[in-house]
Q: 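Pasting a structure below so you can have a look.
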Amino acid sequence: MDIKDITPDQIVFWEWGFVHLNLTIIATWAVMALMVLGAWLITRRLSSDLPLPRWENLLEILVQGMENEIRQVSRQPPRPYIPFVGTLFLFILVSNILNVVPGYVAPTASLSTTAGLAICVFVAVPGYGIRSSGLKEYLKQYVKPTVIMLPFNVMGELSRTLALAVRLFGNMMSGSKIVAILLALTPILFPVVMNALGLLTGVIQAYIFAILAMVYIASGTRARQEREQKQADSAGEKGEQDQWKESH
Amino acid sequence: MLIDWFTVAAQIVNFLILVFLLKHFLYDRILHAMDKREERIQNRLDEARSKEKEAEQETESLRRERAELEKQRDDILAEARDEAGKEKKRLVREAREQVQSMRRSWQESLDREKSAFTRELRRMAGREVYAVCRKALKDLADAEVEEQMVQVLLEHLAGLDRGERDDMAEAARTDENRITVRSTFEMPAGLKQKATREIHEHLGDDIEVKYETDEDGAPGVELRMKGRKLAWGFEDYLDDLEQEAKRVIEAEAEKDEEGTMQEEKQENQEMT
């Protein structure tokens with residue numbers, strides 16, 4: 001097996017010095033174009049009343065489902081996270097599902113893509129954390145519970161980013177590779193089954209990637225949550241004390 | 001090398017562009033539409049709720065009004081029933097009174113007729129009996145009944161004891177010293193002289209005797225003075241006859257009255 005068969009990065013169409021266009025980038029553009037065009041077509045004439053057009057209904061179910069997931073995972077209002085986490089999920093989902101199209105190689109089967117997405121998450125976690133609770137509060141988390149934990153916390157941050165990238169790449173790459181190998185061995189029925197399985201894996205991986213990203217972001221905004229929780233608790237206690245005082 | 005750093009950078013840029021585009025074309029629009037719809041639905045629900053509340057209030061007020069109307073209707077009906085009952089009683093009372101007065105007037109006219117009938121009966125019977133007796137006496141004994149009647153009256157006068165005769169004489173004296181002999185027939189002159197003689201003999205010579213004829217009375221003859229009377233004739237027989245006739249008539253009338261009373265009682269029961 002050649003390295004080209006493992007990653008679509010090696011299939012280069014056009015090259016000019018450092019800049020080159022490979023299959024990964026072309027496929028990504030195709031996916032992006034499909035998604036944006038689809039979204040634009042559907043949301044061109046939105047109805048905020050009934051009856052609801054069915055494509056709009058589909059998108060609404062999707063968006064609302066993502067909102068609910070984010071709310072459950074983060075226990076925070078989901079609106080600020082929807083564009084980032086939702087796009088992660090949708091991009092990976094569409095990329096993986098399109099695997100059934102002959103000649104198409106999922107961009108997620110390239111470690112460069114998954115690394116790029118993981119780096120986005122790696123940046124988004126402190127980004128959201130600092131936006132929600134401030135730089136100082138966010139940085140304090142790395143020395144919790146003690147300063148000794150600082151290197152471990154930083155390592156954890158890095159390793160989970162790496163894990164995120166490699167998990168998606170491994171799953172998608174292996175899926176398409178297994179189909180390719182099986183196609184060579186048993187060309188008729190078995191690859192179809194494996195393809196179906198590949199679709200399932202693709203959907204699950206999209207879900208896992210998005211959920212994990214959300215979990216990391218949620219843990220990054222934990223400082224603020226904790227502070228708010230504390231404030232709420234103390235306010236509740238104070239209220240109770242006031243009530244107690246009033247009643248006695 | 002599995003990682004191509006240019007591709008990584010390009011994918012990051014691609015992803016960020018996609019985030020921006022999808023945010024613009026998908027999330028914002030969809031979420032906006034959903035919020036708007038939700039708001040609209042909420043507004044509609046609120047409106048529906050307020051309308052429902054209004055309808056409930058309306059229903060409640062209508063129910064109250066209906067209950068009030070029903071109560072009023074019941075009151076009016078009860079009043080009307082009461083008035084109808086009073087009116088009925090009044091009408092019945094009036095009818096009864098009318099019947100009573102009719103019965104009274106009927107009774108009065110009946111009594112009048114009865115007395116007129118008995119009077120007539122008495123008169124007729126007296127005349128007929130008198131005529132029969134007179135004819136029978138004349139045919140069988142060749143005697144005049146008038147003469148015999150006067151004779152018996154005079155015998156009665158003669159048969160009175162002294163005290164009674166004195167009382168009669170005293171009564172005659174207080175009445176301008178006069179005695180009236182009233183008869184239902186014209187007394188012959190001989191009989192008048194005989195009677196005058198007898199009266200003078202028993203009551204006193206100074207008493208004036210006056211003769212009157214009253215054909216309407218019961219056949220007989222009587223001596224009249226102030227507050228006293230000595231009579232002889234058909235009067236007693238006719239009295240007996242009248243009593244008997246009255247008794248028979250009253251018995252019939254009672255029978256009739258009982259029947260009417262029972263009918264009335266039944267009518268009253270039916271009405272109540």
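A, B, ... follow the sequence lines: proteins, then strands. Residue 1 opens every chain. As the structure is a computational prediction, the values presented were derived from the model and not from experiment.
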Q: Check each atom of B:Ile30 against the heavy atoms of chain A and say whether the ones under 4.5 Å are side chain, backbone, both or neither.
A: both
Q: Could you give the distance from CH2 (A:Trp40) to CZ (B:Arg29), rounded to the nearest 0.5 Å?
A: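 Answer rounded to 0.5 Å: 9.0 Å.
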Q: Picking from B:Leu21, B:Asn14, B:Leu16, B:Ile17, which has the most non-hydrogen pairs under 4.5 angstrom with chain A?
A: B:Asn14
Q: At a heavy-atom distance under 4.5 Å, which candidate from A:Val19, A:Ile42, A:Val31, A:Leu62 has the highest pair count against chain B?
A: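 When all of A:Val19, A:Ile42, A:Val31, A:Leu62 are compared, A:Val19 has the most.
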Q: Is it the case that the side chains of B:Gln11 and A:Thr24 hold a donor-acceptor pair, with the cut-off being a distance below 3.5 Å and no angle test?
A: no
Q: Which answer fits A:Ile82, side chain, backbone, both or neither, if we ask what part of it has an atom under 4.5 Å from a heavy atom of chain B?
A: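 Both backbone and side chain of A:Ile82 come within 4.5 Å of chain B.
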Q: For B:Lys23, look at atom NZ and say whether over 12 heavy atoms of other residues, nucleotides or ligands are found less than 6.0 Å away.
A: no
Q: Donor-acceptor pair, A:Thr43 side chain versus B:Leu26 backbone, under 3.5 Å?
A: no
Q: Any idea which heavy atoms bring B:Leu22 and A:Ala39 closest together, and the distance?
A: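 Scanning both residues, the minimum pair turns out to be CD2-CB, 4.3 Å.
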Q: Go through the atoms of B:Asp35 and report whether side chain, backbone, both or neither lie under 4.5 Å from a heavy atom of chain A.
A: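 For B:Asp35, side-chain heavy atoms alone lie under 4.5 Å from chain A.
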Q: Give me the contact list for residues 54-76 of chain B versus chain A, heavy atoms only, anything under 4.5 Å, ordered by residue number.
A: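 Listed by number: none.
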Q: Is the ring pair A:His20/B:Phe6 parallel, tilted or perpendicular, if the boundaries are 30 and 60 degrees?
A: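 Rings of A:His20 and B:Phe6: tilted, 30 to 60°.
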Q: Search all heavy atoms of A:Ser112 against all heavy atoms of B:Asp4 and return the closest pair with its distance.
A: OG-N, 3.0 Å
Q: More than 12 heavy atoms of other residues, nucleotides or ligands under 6.0 Å from CZ of A:Arg75: yes or no?
A: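 12 or below, so no.
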Q: Roughly how far, to the nearest 0.5 Å, is the OG1 atom of B:Thr7 from the CG atom of A:Asn22?
A: 4.0 Å
Q: Quick one: what part of B:Tyr27 sits under 4.5 Å from any heavy atom of chain A, side chain, backbone, both or neither?
A: side chain
Q: Just how far is it from atom CG of A:Leu88 to atom CZ of B:Phe15, taken to the nearest 0.5 Å?
A: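 Rounded to the nearest 0.5 Å, the CG-CZ separation comes out at 3.5 Å.
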Q: For A:Arg44, is it the side chain, the backbone, both or neither that has a heavy atom under 4.5 Å from a heavy atom of chain B?
A: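 Looking at A:Arg44, just its backbone touches chain B.
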Q: Near A:Trp14 CH2, under 6.0 Å, is it more than 12 heavy atoms from other residues, nucleotides or ligands?
A: yes
